[in-house]
Novice: 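Starting off with a structure, shown below.
Position 1 is the first residue of the sequence, and the numbers go up from there.
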Amino acid sequence: QHRAYVASTKTPYTKQAPWPERTHASNTVVRYMSLRERITDDMKTALKAGDKLRLSTLRLISAAVKDRDIAARAEDRCCGCEEGEIMSILQKLVKQREESAATYEKHGRLDLAETEREEAQIVREYLPKPMDEGEIEQAAQDVVAELNASGLKDMGRCMGELKSRYAGRMDFGKAGAKIKGLLSNAA
């Protein structure tokens with residue numbers, strides 16, 4: 001899901017790209033962009049294309065990430081926020097847009113609701129594919145089995161493990177209900 005910059009290794013490449021690289025059998029080097037770089041790159045593209053909605057949404061994302069960077073520097077993390085934190089920012093933005101759209105619909109402002117939904121869709125492009133019900137169920141069962149969880153007292157441990165493994169992909173409200181069901185049946 002990452003965009004890549006491809007450069008042939010046959011020609012000298014002097015400028016070092018800021019993202020990690022992988023060498024493939026076809027003798028090309030592929031450098032993967034971080035989420036932050038992808039957002040910045042897409043912002044430039046939207047600006048050139050004159051896509052006002054996309055540009056304003058990407059600026060909103062960028063501002064939220066920069067705000068979190070400032071908070072991270074206050075906590076002595078000089079490199080700013082990490083990819084996982086950016087994912088949580090994006091999830092929060094999607095949730096805010098969906099809630100705003102519902103409020104606008106409730107009050108008869110369908111034009112504003114549609115705009116909010118379009119913004120949410122733009123933000124979703126930067127999130128990994130969410131897990132479906134079956135995948136959440138399977139992940140919950142795997143974690144309960146791996147941790148030998150036997151009762152509701154182990155729910156915090158199980159949820160912590162799920163959050164570390166599936167950050168940005170899983171709806172933890174649904175996962176919490178699945179874990180609770182599995183642990184209450186085990187007790």
Side-chain angles (χ1 to χ4, degrees), residues 1-3 18-20 32-47 51-140 143 155-181:
Q1 205 186 63
H2 292 282
R3 289 198 188 146
W19 47 83
Y32 292 96
M33 298 174 117
S34 73
L35 192 54
R36 184 187 309 255
E37 291 157 345
R38 204 174 129 208
I39 292 166
T40 304
D41 188 50
D42 288 350
M43 198 180 337
K44 291 175 189 174
T45 305
L47 183 64
D51 189 348
K52 291 182 181 180
L53 179 67
R54 184 172 203 76
L55 180 62
S56 68
T57 304
L58 292 172
R59 282 182 173 158
L60 180 83
I61 294 170
S62 182
V65 169
K66 286 179 183 177
D67 195 36
R68 183 71 64 95
D69 280 341
I70 292 168
R73 282 196 299 267
E75 298 170 357
D76 266 351
R77 291 187 291 155
C78 298
C79 60
C81 63
E82 299 169 357
E83 292 279 320
E85 290 177 282
I86 295 174
M87 290 289 185
S88 69
I89 291 169
L90 294 176
Q91 287 174 331
K92 181 179 166 186
L93 289 173
V94 168
K95 186 176 179 183
Q96 287 174 345
R97 298 290 157 285
E98 291 296 333
E99 289 172 355
S100 295
T103 303
Y104 286 139
E105 276 184 356
K106 188 171 124 182
H107 290 88
R109 296 297 309 264
L110 300 180
D111 54 332
L112 294 175
E114 183 62 30
T115 303
E116 292 290 326
R117 288 215 165 81
E118 289 172 3
E119 286 181 2
Q121 190 57 41
I122 291 168
V123 175
R124 274 192 200 97
E125 292 174 13
Y126 298 94
L127 289 170
K129 179 185 163 279
M131 297 173 79
D132 62 23
E133 289 286 330
E135 291 173 322
I136 292 173
E137 178 76 33
Q138 185 61 46
V143 166
M155 187 162 173
R157 259 188 340 149
C158 293
M159 288 302 294
E161 186 65 27
L162 284 175
K163 285 182 181 180
S164 68
R165 289 185 193 181
Y166 303 106
R169 293 190 55 214
M170 182 181 280
D171 180 350
F172 292 108
K174 292 178 183 176
K178 302 278 187 197
I179 293 281
K180 191 172 186 176

Novice: Could you state the interatomic distance from NE2 (His107) to CG (Leu112), rounded to the nearest 0.5 Å?
Specialist: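 The CG atom of Leu112 is 12.5 Å from NE2 of His107, to the nearest 0.5 Å.
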Novice: Would Glu118 and Arg97 pass as an ion pair if we require N to O under 4.0 Å?
Specialist: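 Looking at Glu118 and Arg97, the cut-off is not met.
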Novice: Is the CZ atom of Arg109 crowded by more than 12 outside heavy atoms at less than 6.0 Å?
Specialist: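 It does not: Arg109 CZ has 12 such atoms or fewer within range.
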Novice: For Leu90 and Ile61, run side chain to side chain contact (heavy atoms under 4.5 Å, CB included): C-alpha distance rounded to whole Å, both residues' side-chain angles, the deciding distance at 0.1 Å, then the answer.
Specialist: CA-CA 7 Å; Leu90 294 176; Ile61 294 170; 3.6 Å; yes
Novice: Of the non-hydrogen atoms in Leu53 and Ser56, which two are nearest, and what is the gap between them?
Specialist: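 Taking every non-hydrogen atom into account, O-OG, 3.0 Å.
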Novice: Output the distance between atom CG (Leu35) and atom CD (Glu83), rounded to the nearest 0.5 Å.
Specialist: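 Spacing of CG (Leu35) from CD (Glu83) equals 5.0 Å.
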Novice: Looking at every non-hydrogen atom in both residues, tell me the closest pair between Pro130 and Glu135 and how far apart they are.
Specialist: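 Residues Pro130 and Glu135, closest heavy atoms: O-OE1, 4.3 Å.
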Novice: List the atom of Ser88, the atom of Arg68, and the distance in Å for their closest heavy-atom pair.
Specialist: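 Nearest pair, atom of Ser88 first, then Arg68: OG-NH1, 3.8 Å.
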Novice: Less than 4.0 Å between a side-chain N and a carboxylate O, is that true for Arg54 and Glu119?
Specialist: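 No, this pair does not count.
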Novice: If you look at every heavy atom in Leu162 and Ala175, which pair is closest and at what distance?
Specialist: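 Where Leu162 meets Ala175 most closely, the heavy atoms are CD1-CB, 4.0 Å.
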Novice: What is the distance from atom NZ of Lys180 to atom CE of Met159, rounded to the nearest 0.5 Å?
Specialist: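 Separation between the atoms: 11.5 Å.
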Novice: Quick check: does any side chain N or O of Arg36 sit under 3.5 Å from a backbone N or O of Cys81, one acting as donor and the other as acceptor?
Specialist: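 Answer holds: yes.
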Novice: Stepwise, does the side chain to side chain contact (heavy atoms under 4.5 Å, CB included) test hold for Leu58 with Tyr126?
Specialist: CA-CA 10 Å; Leu58 292 172; Tyr126 298 94; 3.3 Å; yes
Novice: Can you pull the side chain to side chain donor-acceptor pair (under 3.5 Å) pairs that have at least one residue in residues 160-170, sequence neighbours excluded?
Specialist: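 Only Glu146-Arg165, Glu161-Arg165 qualify under side chain to side chain donor-acceptor pair (under 3.5 Å).
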Novice: Measure across Glu116 and Ser100 and return the closest heavy-atom pair with its distance rounded to 0.1 Å.
Specialist: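 Result for this residue pair: OE1-CB, 3.6 Å.
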Novice: Carefully, step by step, assess Leu93 and Gln96 under the rule side chain to side chain contact (heavy atoms under 4.5 Å, CB included).
Specialist: CA-CA 5 Å; Leu93 289 173; Gln96 287 174 345; 3.6 Å; yes
Novice: Backbone N or O of Glu82 within a donor-acceptor pair of the Glu85 side chain at under 3.5 Å?
Specialist: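 Here the side-chain-to-backbone pair exists.
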Novice: Are Asp42 and Lys44 ion-paired here, with the side-chain N under 4.0 Å from a carboxylate O?
Specialist: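 No.
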Novice: Minimum heavy-atom separation for Ala120 and Val94, please, with both atom names.
Specialist: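 Here Ala120 and Val94 meet closest at O-CG2, 3.9 Å.
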